[in-house]
Amino acid sequence: MSGQQYDGIGEAFEGFKSLPMMRYGEVPSFLGLVGDVRGRSVLDLACGTGFYSREFRRRGAADVLGVDISVEMIAAAREIERREPLGVRYEVGDVAELPPLDTRFDIALGVQCLNYAEDLATMERMCRNIHRSLVPGGEFFVLAQNPDYRFDCPSLEAYGFRCEPAGEIETGRRVRVTALLDPQPITIVSSAPHREAYETCLGAAGFGEIDWVPLEVSDAGIREFGKEFWADLLAYPPLAMLRCRA
């Protein structure tokens, strides 16, 4: 779970959320999946610069802790918090080595988190650490590369991204993702673990009620670009979500 490739990005990572696929696909889909967080505590794992940490705090979460392996990402998140105080806490930490926390949380988020495990043992260790950090019955929400994504499908460039295969690892396929930001694109190497890898590791950690949820496009995205614009994205979605319960 090396954070080195993120250390050189810092606050520029915020630009990802402005690209069409993120703004009208990922963000509304994931916010809708998690739902009402008012009065609940949220643990945001692999929080990056804290985008979702801030969103859920604004939506009424009582307590939000963001954790990321990248020192620079956490520095950027803390700087945003300094400029626009919301009461979100941020800590540097590796989910695979996450120590017991002072409190357990109602909700955990894993946006582009478990898919950075290089092998099944690491993914299972991550899942166990997350399960231990939740109250009994707490919910865990995941967003990551779609395990079933076909690299021979139409290009994603109209939606702001390029997605290319980059080899195989134990959990699934390695993926090179390029965000077509202006003026400088940003490339990150991640992976798309098999569905069985997620389900096996989550189950071994004690999670149940594992449910895969498809990516959708918001009504605002349809109004902005038209329904036909999104046809390829919805036919070959590069992202997938799941929810489960501790």
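Everything quoted here is computed from the prediction, not taken from an experiment. Positions are given from 1 along the sequence.
Checked against salt bridge (Lys or Arg N to Asp or Glu O under 4.0 Å), D219 has no partners two or more places apart in sequence or in another chain. By the ring-ring contact (aromatic ring centres under 6.0 Å, His included) test, F141 is found to be paired with no residue, residues two or more places apart in sequence or in another chain being considered. Under the side-chain contact (heavy atoms from CB on, under 4.5 Å) criterion, R245 pairs with E139, E209, not counting sequence neighbours. With sequence neighbours excluded, the residues forming a side-chain contact (heavy atoms from CB on, under 4.5 Å) with F229 are A158, Y159, F225, listed by chain and number. Applying the side-chain contact (heavy atoms from CB on, under 4.5 Å) criterion to K17, with sequence neighbours excluded, gives M22, E26, V27, F51, Y52.
Between D63 and R89 a salt bridge is recorded (basic side-chain N to carboxylate O distance below 4.0 Å). Ion pairing between a basic and an acidic side chain is recognised when a charged N comes within 4.0 Å of a carboxylate O; E55 and R59 show such pairing. E97 and R125 are joined by a salt bridge, as a carboxylate oxygen and a charged side-chain nitrogen come within less than 4.0 angstrom of each other. A salt bridge does not link E164 to R174: none of the charged side-chain nitrogens sits closer than 4.0 Å to a carboxylate oxygen. Contact check on R78 versus E91 returns a salt bridge, with a Lys/Arg side-chain nitrogen under 4.0 Å from an Asp/Glu carboxylate oxygen.
At distances below 3.5 Å, at least one donor-acceptor pair connects side-chain atoms of S191 with backbone N or O atoms of N115. Side chain of R132 to main chain of L98: a donor-acceptor pair is present (N/O by atom type, distance under 3.5 Å, no hydrogens or angles). Using a distance-only test at 3.5 Å, with no hydrogens or angles considered, a donor-acceptor pair links the side chain of R173 to the main chain of P147. Remark: the backbone N or O of L86 is not paired with any side-chain donor or acceptor of R58 at under 3.5 angstrom. Of the possible polar contacts, one joining the E81 side chain to the G87 backbone as a donor-acceptor pair under 3.5 Å is found. Of the possible polar contacts, none joining the N146 side chain to the A240 backbone as a donor-acceptor pair under 3.5 Å is found.
Heavy-atom neighbours of E216 CD from other residues, nucleotides or ligands within 6.0 Å: at or below the threshold of 12.
Both L31 and V37 are part of a single hydrophobic cluster, where members link through side-chain heavy atoms under 4.5 Å apart.
Proximity of R23 to P28: side-chain heavy atoms (C-beta onward) are nowhere separated by under 4.5 Å. Looking at heavy atoms from C-beta onward, R162 lies out of side-chain contact with V177 at the 4.5 angstrom threshold.
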### Task
Quick one: do V95 and I69 satisfy side chain to side chain contact (heavy atoms under 4.5 Å, CB included)? Show the steps, please.
CA-CA 8 Å; V95 178; I69 194 172; over 6 Å; no

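Y24 contributes atom OH, which lies 14.5 Å from atom CG of L215 (distance to the nearest 0.5 angstrom).
For D44 and S53, the side-chain atoms include at least one donor-acceptor pair closer than 3.5 Å.
When the options T103, D106, I107, L134 are evaluated for a side-chain contact (heavy atoms from CB on, under 4.5 Å) with S41, the one that passes is D106.
A ring-ring contact (aromatic ring centres under 6.0 Å, His included) check over residues 176-221, counting only residues at least two apart or in different chains, returns the pairs H131-F207, F140-F207, Y198-W212.
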